[in-house]
There are 2 protein chains.
Amino acid sequence: MAVTLADVAARAGVSSATVSRVLNGNYPVSGSTRERVQRAVEELDYVVNGQARALAAATSDLVGVLVNDVADPFFGILASALQTEIGAGAAQRGGGGKLAVVCNTGGSPEAELTYLTLLERQRAAGVVLTGGAVESEEHTAAVRARLVRLAASGTRIVLCGRPPLTGPDDGPPVTTVTFDNRGGARRLTEHLLSLGHRRIGYVAGPVERSTTRHRLEGHREALAARGLGPDTPEGAGALRLTVHGSYDRPSGYDAALELLRREPRLTAIVAANDSVALGVCAALRDRGLSIPDDVSVAGFDDLPFSADACPALTTVRIPLAEAGTRAGRLAMGRQSPPPGGVATITTELIVRASTAPPVTSGS
Amino acid sequence: MAVTLADVAARAGVSSATVSRVLNGNYPVSGSTRERVQRAVEELDYVVNGQARALAAATSDLVGVLVNDVADPFFGILASALQTEIGAGAAQRGGGGKLAVVCNTGGSPEAELTYLTLLERQRAAGVVLTGGAVESEEHTAAVRARLVRLAASGTRIVLCGRPPLTGPDDGPPVTTVTFDNRGGARRLTEHLLSLGHRRIGYVAGPVERSTTRHRLEGHREALAARGLGPDTPEGAGALRLTVHGSYDRPSGYDAALELLRREPRLTAIVAANDSVALGVCAALRDRGLSIPDDVSVAGFDDLPFSADACPALTTVRIPLAEAGTRAGRLAMGRQSPPPGGVATITTELIVRASTAPPVTSGS
DNA sequence: ATCGTGGGAGTAAGCGCTTACTGCGCTGTG
DNA sequence: CACAGCGCAGTAAGCGCTTACTCCCACGAT
């Protein structure tokens, strides 16, 4: 049915091996032969069969990209940069550009393993795992085992925005690109403290995620540096004002109401991320509180919509596009892994209109 | 190196054909043999080689998804729904779940063709083309030819949010899912007109895109229905107040300033989409104008951030997730094409806080 | 006891490519 | 003039699977 190498060979009056050589350009072929072959290729509209090529050469043109959900801007931006890097050079022959297989895991460990299996079937050249899910002991072990096996078969594995893999042999052939969540959270809370806030509520993400823990730790570090620890007298510290939820807007809405119920004198709320912060803002507005006059609000991630939110959100910028590009380069083997296998991406405090000094100073 | 069918066969004491049959479950195999094979598969951690399978069975586990940029929420939502539908059933054996290959074309015709070639190489089972780019005569023809060839080789082609393909034979084997842009735009402008607005500026997208044209047509239809055509005396009609740009925020910012320069008495601005609308809002604010008191603003698409924008945006909702699911089903052959090959997704006017009656009535 | 029947399993021929190995014809050297 | 050396190109053996075809054997019918 479709045109094959043999057809091209017949037309050009050469053997199929020669056609293959011309196509791949990795063997010496005389000029005249090359031209004849190329003409035949064009005349027949020949397109190589990637499956056959992959099988014979034991290579793959696919790189997997696991995200919670590409519709979420956080993952969308990451995936976009990853795809662009992975596909780079696809235009030129031998450019090394590959196809990015994007998979929504929805944060489900099962879905993650399912997709890893599918990618293993396809003998993917690389796999980038972003975000992630419930980091249960069991799940982590299962994923770890799978990744080790994949890596052993030559698949490059990159974790992005996830905790590095550790385990028995302590040096799995997996590289990691993480964000400085702790530092960002610390700077953000320092910002609020230096504005004069003392009663700060914190809306955290799911407890079992390391991102949540790191951000919370940064927050607590900043508090502790001012002597506002978990043991500080009521009303001074903010730790008791932590509420956990998921990383979405509705969760932020509910959490804000819960925080206000527990401590109506709150002057600032730090959210797990920007989406949550939007929910917090909505809840505050519905309560008749103005931002930042009554309550300051801060987010995390600095997604594109944050600058246009109402009011513009103070947040911590994660350079997602750069992180994605970096992870993509690693997955493509275009860059050697960082020493220790872990690259940390720095974050930056972005101050906008949603934070201001508390009107009724509570210090 | 890797475990192969033959290894499993040897271990189970059967032929490789039998193993294949057990794995695919499409041939009768006795219970005891089946069990023996399954045990061998598990003991050896066998994972089929998808490339070899694809080659032998002339099938493919890939479906291509072309978008302008997954980082853009519009495409992110579409891609997310597409991926979810394409991957559905991947967990069960024979569930038919496939892998979604997402490609950012950046709206470039060349990139689009490049990725189509790559997907053709991989003998993708289907390709979904969304968004798109400059719809030049030349490019359309090139893409058309490629799609016809792909379709001829059994690849299912679905266009989503693009004009249906037409041509010589007038019935290319390509199905299309379009949005009712014209109707949405008409209802939106009617909404503004019924609020009392008469001096309405329009910030359109790139001229050469059909989406732009359809939205503009809907807008003009609404105006014409009130007798406000291009020939209406100065100040009454809005057509002269059309500015073209691209579908992004900066473009909206510039366009809004331009519109105000041309007609300072403007009471409403309709934007090409929500991102553009955000730019328009920013420009108005920078000009010291309040929304909607001084000027009403409306967007298009109803992306998630629109409800949290400042103020919440009146817009036209496109059910992108449903459209993506629908397109995915078509690309997977899970649903037969609509009669005529074109399915139109209806749009819905969403009124929020960014539109209100003009304060100084200009009627 | 013979034969037909049919379910279950093996044989082997590809699928379309890559690539190690071989071979051929030419040039340069002793 | 014989022979080594080299640049090209052909031969053919896979890569790991699927599947048409064949074969075997147990079983029921005659």
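Letters A, B, ... mirror the listed sequences (proteins, then strands); counts begin at 1.
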Short side-chain N/O contact to C/dA20 OP1/OP2 from A/Tyr27, under 4.0 Å: yes
Salt-bridge present (A/Glu85, A/Arg326; N to O < 4.0 Å): no
Sugar-phosphate only, base, or nothing, as touched by B/Ser20 at under 4.0 Å among non-hydrogen atoms: base
Separation of atom CG in A/Asn26 from atom P in C/dT18, rounded to whole Å: 8 Å
Bending between helix ends of the helix from C/dA1-D/dT30 to C/dG30-D/dC1 [5 pairs per end, 10° resolution]: 60°
Separation of atom CG in A/Leu5 from atom C1' in D/dT11, rounded to whole Å: 15 Å
Partner residues of B/Glu110 under the side-chain hydrogen bond (donor to acceptor under 3.5 Å, both in side chains) criterion, sequence neighbours left out: B/Ser108
Short side-chain N/O contact to C/dT18 OP1/OP2 from A/Asn24, under 4.0 Å: yes
Interatomic distance, B/Arg121 CZ vs C/dT18 P [rounded to whole Å]: 10 Å
Contacts of type side-chain contact (heavy atoms from CB on, under 4.5 Å), residue B/Pro164, not counting sequence neighbours: B/Thr176, B/Thr178, B/Val342
Value in whole Å for how far the C1' atom of D/dC15 lies from CZ of B/Arg53: 16 Å
N-O pairing of A/Arg144 and A/Glu137 below 4.0 Å: no
Pair listing, side-chain hydrogen bond (donor to acceptor under 3.5 Å, both in side chains) test, anchored in residues 46-56 of chain A, at least two apart: A/Asn24-A/Arg53
Non-neighbouring partners of A/Arg146 that pass side-chain hydrogen bond (donor to acceptor under 3.5 Å, both in side chains), sequence neighbours left out: A/Thr117, A/Glu120
Pairs satisfying salt bridge (Lys or Arg N to Asp or Glu O under 4.0 Å), at least one member in residues 124-134 of chain B, at least two apart: none
Euclidean distance, atom CG of residue B/Leu23 to atom C1' of D/dT19 [Å, nearest integer]: 15 Å
Mind listing the side-chain donor-acceptor pairs of residues 54-64 of chain A below 3.5 Å, one per line with the distance, residues two or more places apart or on another chain?
residue	atom	partner	partner atom	Å
A/Ser60	OG	A/Leu62	N	3.1
A/Ser60	OG	A/Arg123	O	3.2
A/Asp61	OD2	B/Gln122	NE2	2.9

Atom-to-atom span, CG of A/Leu55 to P of D/dA13 - whole angstrom: 17 Å
Whole-Å gap separating P (D/dT18) and CD (B/Gln51): 13 Å
Near-strand residues of residues 39-47 of chain A, defined as heavy-atom separation under 4.0 angstrom from DNA chain C: A/Tyr46
Length of the line joining B/Asn49:CG and D/dG16:P, which is rounded to integer Å: 7 Å
Contacts of A/Glu35 that satisfy side-chain contact (heavy atoms from CB on, under 4.5 Å) - sequence neighbours left out: none
Partner residues of B/Thr130 under the side-chain hydrogen bond (donor to acceptor under 3.5 Å, both in side chains) criterion, sequence neighbours left out: none
Are any protein N/O atoms closer than 3.5 Å to N/O atoms in nucleotides 4-10 of chain C? If there are, list each pair with its distance.
residue	atom	partner	partner atom	Å
C/dA9	OP1	B/Ser30	OG	2.9
C/dA9	OP1	B/Thr33	OG1	2.3
C/dA9	OP2	B/Ser30	N	3.0
C/dG10	OP2	B/Ser15	N	2.9
C/dG10	OP2	B/Ser15	OG	2.8
C/dG10	OP2	B/Thr18	OG1	2.6
C/dG10	N7	B/Arg21	NH1	3.1
C/dG10	O6	B/Arg21	NH2	2.5

With B/Arg329 via side-chain hydrogen bond (donor to acceptor under 3.5 Å, both in side chains) - residues at least two apart: B/Gln335
